[in-house]
Amino acid sequence: MNNIALIIKQELIDMFAVDHDVQLTRPDVQFGDYATNIALQVAKPLGKNPREVAEALADKLRQADEFTEVSVAGPGFINLRVSAKSLMSELEGQWSDTFGENTDGAGKAVVVEYPSPNMAKPYSVGHLRPGNQGWAVKRLMEATGWTVITDNHLGDYGAPFGVWVTGFLKLSSDGALQQDGVYELGRVYIATKKALKEEKERGEATLANEVQQWLLKLEQGDEQAKAFSERFNQISLEHIHGVMTRLKISTDYELGEAFFVPQGKAAVARLLETGTAVQNEDGSIIVPLDDYGFDVPLLVQKSNGAALYATSDLATILYREEHWHPDKVIYCVGGEQQFYFTQLFAMAKKLGITTDLYHLWFGVIDQRNDDGTREKMSSRKGVVLMEELLDKAEARARSIVEGRDISEEDIQKIALGAIKFSDFSADRRTNILFDWDSIFALTGFSGPYIQYASVRVNKILNDNVDTEPAIVGDYDYEPEKAILAKILDYPAVVTLAADSIEPHKIATYLFELARDMNRYYETTPVATGDVSPVQQQARLGVLRKVSHIFTHGLSLLGIEVPSRM
RNA sequence: GCACCCGUAGCUCAGUGGAUUAGAGCAUCUGUCUUCGGAACAGAGGGUCGGCGGUUCGAAUCCGUCCGGGUGUACCA
């Protein structure tokens, strides 16, 4: 709680013997710098008129040195104005190299799981959100003091494997695989899924049985199946690493489903012994969840004895408990799986696991149909591949800087800034519309807008390295007032974004700071024209803080600041 | 059927632990252009916050209900 809130809190105690935390909001500038509705909150229990409480409080606050103006509006809002200089001294009191961070999570460990792609297909924009948001969550948790363990739960097992082998033997060749790698895998996978669907519509199951046979063979340790599995996973893993490197995301571990299946089947056997799980007549094994409000049990083993998603996820939970002892586990997975995760978490609770398991879900990525309606992106309609997206974004950025001396590294940062920021432009639960123009947005509410503001600030700082930025006592800081107030908001924004796990709040904040900065840039010279040495030192001191926040905030979103753009 | 999510300007979205006159970007129109780099800035038009009812001094925000859309609903992940 900052100084202003503390002053008001103390006055409430002195005047009304009420001990109540004071929330400050930032109203429209015409009303003031800060506002509070505390009078409306305390009036009722006191049995007083809120307007009168506000007036009395305002009279008292007017006597304090901290405020240049105190007014009461409406039913009892108190609007406060402070001097820019006092904002600067407040900021100076709070400032450190880790400004914005806190230690709320100290001593606690969190596992963050992302991007967990399906290895049967090339990395598509379908995994943009789990990757981006997962990385942002990791960074936010780190910034709030947590010990973070990241794990890429690779989809290297299950039905996709069977689909792929079945399809490969019918549709592909060693030569094609060697030439096109993961793209050939994807082609075969999609074609085979289509054939499976058509077969099912005809009421047949020849291909489907073949898929299941390959799965069983793999679980039984069949040499040929293992060879196929290793071959296809290796090709896919190299591809995934390549894309993640370009996205500048990584994880500490890559414990995929294949790693957990043997442990999962053993765990299911134990659950069967203890009666937690029950076996159906057809051989399938379920964990009933009636006690937890589910009319659908969780299937943990198929009737043919094969493992499935829940089998490896069960083992994954147990493994993490045993080896990592997390306080919290965050699964960054699409919203389509909400029901499944509530079941999975219910099972964990049934097993006595008390760790906070959290499904961080995202809305789907839509594409626009010709008739204007929206529909989830699907392989049927044609997914956009991540490498294609990155290539096009870089080409767009490159064409804009054409003729100027901008490094390839900076071009990549700008392209990535545009792509990632667009994912943070809305709440993660919102279905986002995939649109080539908005995902590459370089103006307005976009990553490059913030990068641009940041580059301009850094340019000024770099051009004036000989002038030591300083906090200057006889400077009024009036032109910098909006920026100073905005900087003071940063720690609360980080706390809110981390607590609610809503990284887009960081994006919104950074845009507002960048806008304030750009306005300032247009109106106030820092190191040019008739700027006095005192003004120059003071303004450079503010810009240095702005630069720090841009770099820090963008890094929470996995975005870097280019050196030039 | 049931569960979860969504419905705010032409389009894409913020804002929803109630609170002063509902915000931004894009698009449209009008300005700034010998500059600390215009990927910028200033301004204009554009919204009965899906409908109805309720709670409240006060509702985009909370509750109920209806309409519309999305995603799920055990042998996919």
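Worth knowing before you read on, the calculation uses all heavy atoms, side chains too, and leaves out hydrogens, waters and symmetry mates. Because the structure is predicted, anything quoted here is derived from the model rather than measured. Convention: sequence-line order gives letters A, B, ...; per-chain numbering from 1.
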Select base, sugar-phosphate, or nothing to describe what [X] touches, counting heavy atoms under 4.0 Å on all strands.
X: A/Gln337; value: base
X: A/Leu433; value: sugar-phosphate
X: A/Arg368; value: sugar-phosphate
X: A/Tyr521; value: base
X: A/Ala527; value: base
X: A/Val401; value: base
X: A/Tyr309; value: base

Salt bridge (Lys or Arg N to Asp or Glu O under 4.0 Å) partners of residues 289-312 of chain A, not counting sequence neighbours, each pair once: none

All N/O pairs under 3.5 Å across the protein-nucleotides 3-7 of chain B interface:
{"unit_1": "B/C4", "atom_1": "O2'", "unit_2": "A/Gln338", "atom_2": "OE1", "d": "3.1"}

Between [X] and [N], is there a side-chain N or O to OP1/OP2 distance below 4.0 Å?
X: A/Arg374; N: B/C13; value: yes
X: A/Arg515; N: B/C41; value: no
X: A/Arg456; N: B/A40; value: no

Counting side-chain heavy atoms from C-beta on, which of [options] comes nearest to [X]?
X: A/Lys376; options: B/U71, B/C36, B/A77; answer: B/U71
X: A/Glu336; options: B/G37, B/C75, B/U71; answer: B/U71
X: A/Ala73; options: B/C36, B/U20, B/A77; answer: B/U20

What is the distance, rounded to the nearest whole Å, between atom [atom1] of [X] and atom [atom2] of [N]?
X: A/Tyr292; N: B/A74; atom1: OH; atom2: P; result: 21 Å
X: A/Trp164; N: B/A77; atom1: CH2; atom2: P; result: 17 Å
X: A/Asp366; N: B/C11; atom1: CG; atom2: P; result: 15 Å

Position toward the 5' end of RNA chain B (nearest nucleotide), A/Ala453 or A/Val296: A/Ala453

Pairwise 5' ranking along RNA chain B for A/Ala35 and A/Asn118, keeping only the more 5' one: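 Whichever sits nearer the 5' end wins; that is A/Ala35.
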
A/Asn233 side chain to A/Ser229 backbone, donor-acceptor under 3.5 Å: yes

Sequence neighbours excluded and cut-off under 3.5 Å, please list the side-chain donor-acceptor pairs for residues 519-528 of chain A, or say none.
{"unit_1": "A/Tyr520", "atom_1": "OH", "unit_2": "A/Glu480", "atom_2": "OE2", "d": "2.5"}
{"unit_1": "A/Thr523", "atom_1": "OG1", "unit_2": "A/Arg519", "atom_2": "O", "d": "3.2"}
{"unit_1": "A/Thr523", "atom_1": "OG1", "unit_2": "A/Tyr520", "atom_2": "O", "d": "3.2"}

Distance-only donor-acceptor test, A/Asp295 side-chain atoms vs B/U73 base atoms, 3.5 Å: no

Under 3.5 Å donor-acceptor pair, A/Asn464 side-chain atoms to B/C36 base atoms: no

Neighbours of RNA chain B within residues 412-420 of chain A, by heavy-atom distance under 4.0 Å: A/Ile414

Intra- and interstrand pairs of RNA chain B - dot-bracket, Watson-Crick/G-U under 3.5 Å, | marks other strand: (((((((..((((.........)))).(((((.......))))).....(((((.......))))))))))))....

Give me, pair by pair, the N or O atoms of the protein and of nucleotides 15-18 of chain B that are less than 3.5 Å apart, along with how far apart they are.
{"unit_1": "B/G15", "atom_1": "OP1", "unit_2": "A/His504", "atom_2": "NE2", "d": "3.2"}
{"unit_1": "B/G15", "atom_1": "OP1", "unit_2": "A/Lys505", "atom_2": "NZ", "d": "3.4"}

